[in-house]
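Worksheet for the structure shown next.
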Amino acid sequence: MMIDGDRVLINANIATMSAMSVDGSVVDSPIIDSLVIDSPITEGLAMKSRVIEDGALVINEGRIVWLGKQVDLPSVSPSAQIESCDGKWLTPGLIDCHTHLVFAGNRADEFEQRAQGISYADIARQGGGIQSTVNKTREATEEQLYALAFSRATAMIKQGVSCVEIKSGYGLDIATELTMLRVARALERTLPLTIKTTFLGAHALPLEYAGRADEYIAMVCDEMLPQIAAEDLADAVDVFCESVGFSLAQTEKVFRAAKHLGLPVKLHAEQLSNVGGSELASRYRALSVDHIEFLNEAGVKAIAASGTVAVLLPGAYYCLHETQKPPVELLRQYKVPMAVATDFNPGSSPMASLPLMMNMASHLFGLTAQEALDGVTINAAKALGVDKQIGSLEVGKQADIVCWNIDHPRDLVYQFGLHPIEKMWKAGTTVML
Ligand code: NIG
Ligand code: FE
């Protein structure tokens with residue numbers, strides 16, 4: 001048998017991050033502990049184990065068309081380029097499923113204030129916080145926002161990231177919200193990066209609407225959202241549902257408007273207190289609920305039932321000196337998929353390193369190395385609704401692949417700052433690092 005391929009990666013150890021066996025059942029074999037199950041590939045379709053040692057992988061037209069033990073490698077079109085990985089490890093490209101990458105300005109002063117014990121909420125009340133970034137973002141031109149976002153996205157790619165979610169929410173007026181989303185879309189056209197955009201018009205109440213939150217929400221639903229949908233600028237809709245953000249009733253209005261336009265929803269929920277946002281998100285079959293330090297068992301049950309992903313944001317937990325940890329044990333018990341993301345933004349998480357978040361999720365929240373790796377690959381893909389296309393190395397998926405110079409996948413969670421990337425491919429094409 002000869003298969004069509006334009007690139008063949010050989011001499012590789014492959015952490016597939018795939019959750020499915022050929023018969024569609026969930027494979028429990030962990031990548032970290034019992035490492036290799038020597039299972040054969042069935043009909044070249046998918047594999048039973050999640051790790052393949054001494055493996056090979058064939059790419060054709062940007063997609064994975066075969067992977068398995070190198071001894072089983074079928075013959076591939078003679079024109080295919082063969083690349084040796086010299087025994088190093090392949091993983092899927094990492095996915096950062098929660099960022100606020102497009103913004104102007106800098107809030108280093110707030111970082112220093114928090115170090116002196118002033119809280120995030122107090123800083124916001126004094127006119128800092130989200131509103132201060134809104135002012136700077138409104139003043140910036142589209143070109144300036146693009147240049148800033150481009151350099152941040154490039155820094156992420158260099159750390160092994162091949163897909164990023166980007167939220168709006170620092171415009172809070174129609175023109176600037178549209179500009180932020182256009183900048184996010186433009187990045188995808190110029191960088192080797194998949195970008196999923198999220199409209200977060202309901203991020204904070206802009207000053208000009210002080211005391212008129214319901215009017216602002218009506219504007220978000222009746223004016224902003226239809227225009228954004230008409231220009232296809234958003235892949236999902238998010239709300240900051242919190243005592244210092246928007247109420248459950250206001251959140252539901254935005255969710256209803258999103259559903260009406262056929263857009264999936266997600267939620268910044270239970271970050272500073274528990275207001276029941278997760279139950280509401282579950283009723284709207286949200287893709288994810290994010291932060292969730294104050295999520296309780298009823299909320300966990302609800303999101304388990306709706307298949308909603310729990311997104312853990314250890315960078316914000318760390319930078320806000322939070323002490324309440326997300327309910328990881330309950331999430332395990334109810335089998336809720338956990339993702340891990342940077343929440344990169346100028347205030348609560350000025351941290352653009354997804355590898356650092358894996359380390360923090362393990363050290364601060366007690367995730368196993370396996371869970372941390374799942375959190376930035378397959379579960380992050382689920383949080384964005386793109387797990388059919390990316391997030392694991394499987395036949396039929398896009399060839400977004402990183403080759404790491406490490407002894408074992410757990411090293412990605414344990415060590416930080418060595419930048420052990422050897423090579424990277426985006427949709428089968430080499431990424432210049
Ligand atoms: O995810 N929770 C609300 N939004 C951001 C913070 C944004 C900011 O402080 O600028 C977050 O933590
Ligand atoms: Fe956020």
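We count ligands from 1, going down the list as the structure has it; atoms in each ligand are counted the same way.
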Short list, please: which atoms of ligand 1 are under 4.0 Å from a heavy atom of Y170? 7 (C), 8 (C), 10 (O)
Would you call K266 and D238 a salt bridge, taking side-chain N to carboxylate O under 4.0 Å as the test? no
Axial cation check for F255 ring with R285, 6.0 Å and 45° limits: no
Here the atoms of ligand 1 under 4.0 Å from any heavy atom belonging to I130 are 7 (C), 8 (C), 9 (O), 10 (O)
Less than 3.5 Å apart, any donor N or O on the side chain of H291 or H98 sitting next to an acceptor on the other? no
Got a sec: is H291 within less than 2.8 Å of the Fe ion (ligand 2) via an N/O/S atom? no
Geometric cation-pi criterion R410 and Y414, 6.0 Å radius, 45° cone: no
Closest protein heavy atom to atom 11 (C) of ligand 1, given as residue, atom name and distance to 0.1 Å: D343 OD2, 3.2 Å
Between H203 and Y170, does the ring centroid distance fall short of 6.0 Å? yes
T133 N/O to ligand 1 N/O under 3.5 Å: no
Flag for E188-T194: side-chain donor and acceptor within less than 3.5 Å: no
Using 2.8 Å as the threshold, say whether any N, O or S atom from D343 sits that close to the Fe ion (ligand 2). yes
NE2 (H100) to the Fe ion (ligand 2) to NE2 (H268): angle, nearest 10 degrees? 110°
Could you see which bit of R107 sits under 4.0 Å from ligand 1, with heavy atoms only: side chain, backbone, both or neither? side chain
Of all the atoms in ligand 1, which lie at a distance below 4.0 Å from a heavy atom belonging to H291? 1 (O), 2 (N), 11 (C), 12 (O)
Quick one: which ligand 1 atoms are inside 4.0 Å of a heavy atom on H98? 1 (O)
Under-4.0 Å heavy-atom contact with ligand 1, by part of S348 that carries it: both
Could you identify the single nearest non-hydrogen protein atom to atom 2 (N) of ligand 1 and state the distance to 0.1 Å? Q271 OE1, 3.1 Å
Geometric class of the F365/Y317 ring pair [parallel <30°, tilted 30-60°, perpendicular >60°]: perpendicular
Give me the residue, atom name and distance of the protein heavy atom closest to atom 6 (C) of ligand 1. Y120 OH, 3.0 Å
Is the shortest side-chain N to carboxylate O distance from R50 to D374 below 4.0 Å? yes
Atom 3 (C) of ligand 1 has as its nearest protein heavy atom H203 NE2, 3.4 Å
Charged N-O contact under 4.0 Å between D235 and R185: yes
